[in-house]
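Comments concern the structure below.
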Amino acid sequence: MKSPRSPLLLALLWLLAAAVIVPSLLLLRGPSTDLYLAVTARTADLPGVELVAEVGVIVLALLWLLAAWQARGAGLVAVATAVVGGAGAVLAYVTSEVAKTVVQQPRGCWDLIEIAHCPEAGDWSFPSNHTTIAFALATSVVLTALATGRARGGAADALFGTTTALRFRRARRLPPHRAMVVAPVLLAVVTGAARLVQGVHFPHDVVAGATVGVCVVVAVVLALRRPGAAGLGVLCRNEVVCRLVLAPGVRGEADVRRG
C-alpha cells in the first residue's frame with residue numbers, strides 16, 4: 001500500500017533535482033557561449049524571429065485554457081490538476097525571476113554580438129523567463145491531458161502510479177488527448193530555441209528555464225492536486241460554482257462528495 005506522504009516526497013525530489021541541475025548549468029558557460037556565438041552569428045538577423053517566443057507563450061496559455069475546459073468533463077481531480085498546474089506555472093515564473101536577480105548573468109547581446117532587439121541592461125539572462133513559462137505551461141497542459149484521459153478512459157492512476165513510459169503509452173491510446181500531450185511539448189521546445197536563435201539567451205539559460213518550468217509544475221501538481229480536488233469539492237457545494245467547475249455529466253461526483 002502506498003504511503004500517503006509519497007506525493008510530497010516525490011515533489012521534494014523534483015524540487016531537489018531543479019536545485020541541483022540549475023546551478024550546475026552555470027559551469028557550462030564556456031561551451032554554451034561558443035555555441036551561442038556559432039548560432040546567433042547566422043540567425044540573429046532573421047526577420048520576425050523575436051515574435052516566435054511571444055506567440056509560443058500565448059498559444060501555450062490558450063492550450064492550458066483548453067485543457068482546463070476539457071478537464072471539466074473528467075471530474076474534480078482533472079480540474080484540480082489544471083488549476084494547480086496553472087498556479088505552478090506562475091510559481092515557476094517567480095522562481096526564474098528570483099534566480100535572475102541572484103545570478104545576474106549578463107546577456108550575450110550586451111557585449112558579444114549586436115542584435116536589433118536586445119533587452120536593456122539590468123534584464124539579466126539566466127535563466128530564460130520565456131522558456132520557463134513555456135515549459136511550465138506545457139507541463140501543466142500535459143499533466144492535465146493525462147489526468148483527463150485517465151478519468152475518461154477508466155485506466156488506473158497513470159500520472160503517479162506507473163513509469164513515465166507507461167503513462168505516455170496510455171496517453172497515446174486516447175486519441176482526443178494525443179495532441180494535447182505532443183503539441184505543448186513541441187511549442188515549448190520551439191519557444192526556447194527561438195530565444196537562442198534571436199540571440200537574447202545562451203543555451204544554458206534555455207536549459208535552465210526548461211528545468212525550472214518542468215520541475216516546479218510537476219512538484220506543485222504532485223503536492224497539491226488531491227488537496228486541490230478536495231477544495232474544489234467543497235466549493236461545489238455552491239451550485240453556481242459547480243456549474244463552472246464541472247461539466248453536467250460529471251456533477252454527480254460533487255453531489256457524492258457533498259453527501
Side-chain angles (χ1 to χ4, degrees), residues 1-18 63-95 135-171 174 177 180-181 184 212-239 241-259:
M1 183 176 179
K2 291 183 180 179
S3 167
R5 296 183 180 180
S6 59
L8 290 177
L9 177 59
L10 288 173
L12 289 174
L13 290 175
W14 277 91
L15 294 178
L16 178 61
L63 282 178
W64 176 81
L65 289 173
L66 176 60
W69 184 259
Q70 290 178 334
R72 295 174 64 251
L76 292 173
V77 172
V79 176
T81 301
V83 172
V84 299
V90 174
L91 180 59
Y93 168 74
V94 172
T95 302
F135 273 85
L137 287 171
T139 303
S140 179
V141 172
V142 169
L143 295 181
T144 302
L146 291 174
T148 301
R150 184 187 70 248
R152 289 178 175 176
D157 194 329
L159 183 57
F160 300 121
T162 62
T163 65
T164 301
L166 180 57
R167 292 202 298 269
F168 279 85
R169 285 200 298 273
R170 285 176 174 171
L174 298 167
H177 308 291
M180 296 298 283
V181 171
V212 172
V214 172
C215 290
V216 171
V217 170
V218 171
V220 169
V221 171
L222 281 166
L224 298 181
R225 98 171 166 146
R226 293 201 177 279
L232 288 174
V234 173
L235 291 176
C236 275
R237 292 172 182 172
N238 182 291
E239 183 64 25
V241 174
C242 195
R243 288 177 181 273
L244 178 64
V245 171
L246 294 175
V250 294
R251 285 178 194 156
E253 177 183 348
D255 293 336
V256 171
R257 289 175 181 265
R258 282 200 296 266

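In this chain, numbering begins with 1 at the start of the sequence shown. Side chains are part of it too, since the values below use all heavy atoms of this structure and drop only hydrogens, waters and symmetry mates.
Scanning both residues, Ala138 and Pro184, for their nearest heavy atoms gives CB-O, 3.4 Å. Smallest separation of non-hydrogen atoms from Val142 and Val181: CG2-O, 3.5 Å. Here the closest heavy-atom approach between residue Arg225 and residue Val77 is recorded as NH1-CG1, 3.3 Å. Counting all heavy atoms, side chain and backbone alike, Trp14 lies closest to Leu222 at CD1-CD1, 3.5 Å. Across Gly213 and Thr139, no two heavy atoms sit closer than the pair O-OG1, 4.4 Å. Across every non-hydrogen atom of Ala74 and Ala78, the tightest pair is CB-CB, 3.7 Å.
Partners of Val83 under the side-chain contact (heavy atoms from CB on, under 4.5 Å) rule, at least two apart in sequence or in another chain, are Val79. Ala92 pairs by the side-chain contact (heavy atoms from CB on, under 4.5 Å) definition with Thr132, Ala136, Val212, Val216, not counting sequence neighbours. Applying the side-chain contact (heavy atoms from CB on, under 4.5 Å) criterion to Thr144, with sequence neighbours excluded, gives Ala67, Ala71, Thr81, Ala82, Ser140, Thr148. Partners of Leu65 under the side-chain contact (heavy atoms from CB on, under 4.5 Å) rule, at least two apart in sequence or in another chain, are Leu62.
Using a 4.5 Å cut-off on side-chain heavy atoms (C-beta onward), Leu235 and Val245 make no contact.
Atom-to-atom distance recorded for Leu16:CG and Leu12:CG is 8.5 Å, nearest 0.5 angstrom.
For the pair Arg243 (side chain) and Asn238 (backbone), a donor-acceptor distance under 3.5 Å is absent.
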